[in-house]
Amino acid sequence: MSNPDTYCIKTTGLNLWYGDFQALKDINLKIRQGIITSLIGPSGCGKTTLLRCFNRINERYGNVKTTGSTLILDEDIYTPEVSLIELRKSVGMVFQRPNPLPISVYENVLFGLKIHGATESQEKSTRDEIVEKALREVFLWNELKDKLHRRATDLQLDQQQKLCIARLLPLKPEVILMDEPCSALDSEATRGIEELMLGLIPKYTIVIVTHNMAQARRVSHECIFMLMGELIEHSPTDQLFLTPRDERTADYIEGRYG
Amino acid sequence: MSSVESKSNPKGSGVRRFAESAGIRRKFRQEAMVKWLLAGATGMMLVPLILIIAYLVFKALPILSVGFLLDNPVKGMREGGVWAPFVGTMYLIVISLAIAAPIGVLAAVYLNEYAREGWFTRIINLAVINLAGVPSIVHALFGLGAFVLFAGLGRSVLAASLTLAIMTLPVIIASTKEALASVPMSFRQACWNVGATRWQTIRHIVLPNSISGILTGIILQVSRAAGETAPIMFTGAVFFKKVQQGDMFPYGLLDQCMALSMHLFTISTQVPGVPMELPYGTAVVLLATVLLVNICSIVLRVYLRSRKKW
Ligand SMILES: Nc1ncnc2c1ncn2[C@@H]1O[C@H](COP(=O)(O)OP(=O)(O)O)[C@@H](O)[C@H]1O
Ligand SMILES: [Mg+2]
């Protein structure tokens, strides 16, 4: 599935405005398939906004205007023919605060399929299998196999976050977007999530926003540095941290922007 | 800063480090006072409520019976029961709610879940809040003009119910919106990100998690619809109407009807020589009607919550 020379996400001349405020300025990038790419930059530089462009969820957040093109697997996602529903099945998102739905663990995992009307025709055994498979992929099965019918909102925070990742998997996504998925977790739970991410590639392409540079170095193969809505540098992670090409990148990773 | 929080012991080695200082004792006294004040306010709210109910029931005791509910007023409303006004009030509650609740909830869902923030929604929200504060007599005049005269419904159950619906609608919209807004945004995000449409999000997550708040708001309006006299006096309620005893459906939509609130007003101020216990009995029936609806709604809420999914 993975081929280092295929690009999963490509943007050319991507601009985005919230009302009059330009949050993204002429973003050109190519994100490789099957690896983890991290997005770093000071807060407010547009990382979340860029991430939301990839599944067009920005449009639910008010007065947003986008120009330029964004291609996911060579298909332009900003054309009228694109079904947002299909797009969001293929490009899933994980948030800063875990957001399991206030239903059982089991129903959470199947929620996406249910929304798309796929569970009605399935046997219970098929559904059980789907749930088990998804929970195994996020290393939750052993912990939760006896608690499948507990309310997901009662789980521990890191279990909730893993569940939120598991919820995407039955929809067979291509890309998983993660917006600071560990910022609400302690360091041990963070390790757990990172391990899980490394297990998910190369089957899925992962883009992760993080303000934790150590995390970016630990998990990502490539790294993108953004500043005030602009993409400053996109390099292999080691290279970006050891020999940054741009002076502003160097300033940031040495902590000069705070 | 109290001495407890300071790192070194400024009072020397002989003084106890964790002793209560005067400042702390003062805080405790304050705490106790505030607690009693708040408890006192709660008590002051409760006492009149209990007194009112006790007084009403006590005064009405001689007349309260099943017969009082099922009999019609007779002898110029100086004797008999409250069947005709009781059924009339039921009519008004049910019909006005059947109109106002669905429209109100749908409008609130639109305003909270679909409408973009902008001058148009801001004006609507402002209008809703202001309409919720309009006195009922103004709604009465509007109902008279719009439904009785302009729409040609005449004074009728329908015109009165529509007037009550107009009166309760803004409050239902406001309370429903509040209930919807209390559902965390993160639940919606979770739905959108697995490709749910707005309606699926509302249907599967937002409504099930706000239904008890929505019902509470609606039920509060039942008490209002049952209790108001002004809006129905001009639009459909009459002093007296002859009704078959025990007839469950005595009124047509375009008939005039009796109503408990109006009946209470009539027999306590307009008819001379009414025995004392008659208005009190009527008041108790009015109160019990509202209470009954409230209890029904609590049962419904518990049931919906126990089902979780629906
Ligand atoms: N819904 C929105 N409406 C208006 N401005 C927004 C909205 N979301 C984000 N912004 C602005 O866009 C800029 C980038 O935000 P964001 O993408 O959240 O940054 P980051 O995730 O890097 O901290 C910020 O200046 C923020 O104030
Ligand atoms: Mg962000």
Side-chain angles (χ1 to χ4, degrees), chain A residues 19 48 51-52 54-64 83-104 107-118 149 151-153 160 163-171 173 175-179 184, chain B residues 108-126 176-216 301-310:
Chain A
T48 300
L51 212 58
R52 288 197 202 131
F54 300 150
N55 69 353
R56 288 185 62 180
I57 205 80
N58 268 324
E59 293 158 35
R60 290 273 169 96
Y61 291 85
N63 184 8
V64 173
S83 149
L84 292 182
I85 289 166
E86 291 301 320
L87 174 65
R88 286 175 194 149
K89 273 166 76 174
S90 304
V91 185
M93 192 155 183
V94 178
F95 296 83
Q96 200 163 346
R97 291 221 42 101
N99 59 355
L101 294 166
I103 46 184
S104 72
E107 291 169 305
N108 259 282
V109 177
L110 288 176
F111 187 78
L113 288 180
K114 182 178 158 199
I115 284 292
H116 299 104
H149 296 284
R151 251 172 111 86
T153 37
Q160 291 187 11
L163 179 64
C164 291
I165 299 172
R167 187 169 58 197
L168 304 173
L169 305 181
L171 296 173
V175 186
I176 298 177
L177 307 170
M178 301 188 175
D179 192 355
Chain B
V109 167
Y110 175 77
L111 288 173
N112 202 63
E113 305 292 324
Y114 287 87
R116 291 263 161 106
E117 193 60 37
W119 61 269
F120 183 64
T121 38
R122 236 171 286 156
I123 287 179
I124 291 190
N125 284 329
L126 208 67
T176 304
K177 261 186 66 187
E178 205 164 300
L180 294 172
S182 73
V183 176
M185 195 61 190
S186 64
F187 291 174
R188 296 186 180 84
Q189 282 180 335
C191 290
W192 298 344
N193 274 286
V194 291
T197 59
R198 272 179 204 272
W199 173 242
Q200 284 176 317
T201 307
I202 293 164
R203 169 80 179 70
H204 290 288
I205 296 298
V206 179
L207 284 182
N209 282 287
S210 55
I211 189 70
S212 60
I214 294 174
L215 281 178
T216 307
R301 246 155 49 189
V302 170
Y303 171 70
L304 285 176
R305 214 177 298 160
S306 72
R307 271 185 71 194
K308 270 195 279 183
K309 297 175 299 185
W310 49 283

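Side chains included, hydrogens not; waters and symmetry mates left out as well; all remaining heavy atoms used. A note on names: the letters A, B, ... follow the listed sequences, proteins ahead of strands, and every chain is numbered from 1. Not measured: the values here are computed from a predicted model.
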Item to check | Side chain to side chain, B/C191 and A/L101, heavy atoms closer than 4.5 Å | outcome: yes

Next on the checklist: What's the separation between atom CD1 in A/I85 and atom CD in B/Q200, rounded to the nearest 0.5 Å?
Outcome noted: 6.5 Å

Next on the checklist: Using every non-hydrogen atom in the two residues, find where B/A190 and A/R167 come nearest and quote the distance to one decimal.
Outcome noted: CB-NH2, 3.4 Å

Next on the checklist: Would you compute the distance between atom CG of A/L171 and atom CG of B/N193 and round it to the nearest 0.5 angstrom?
Outcome noted: 11.0 Å

Checklist entry - Shortest non-hydrogen contact from A/I115 to B/A196? => result CG2-CA, 3.7 Å

Next on the checklist: Distance check, rounded to the nearest 0.5 Å: A/R97 atom CZ versus B/Q189 atom CD?
Outcome noted: 12.0 Å

Checklist entry - In Å and rounded to the nearest 0.5 Å, what is the CH2 to CG distance from B/W192 to A/L84? => result 12.5 Å

Next on the checklist: Within this structure, what is the CZ-CG distance for the pair B/R188 and A/N99, rounded to the nearest 0.5 Å?
Outcome noted: 12.5 Å

Next on the checklist: Please classify the contact between A/P100 and chain B as side chain, backbone, both or neither, with a heavy-atom cut-off of under 4.5 Å.
Outcome noted: backbone

Item to check | Pairwise distance CG(A/N63) to CZ(B/R116) - rounded to 0.5 angstrom | outcome: 7.5 Å

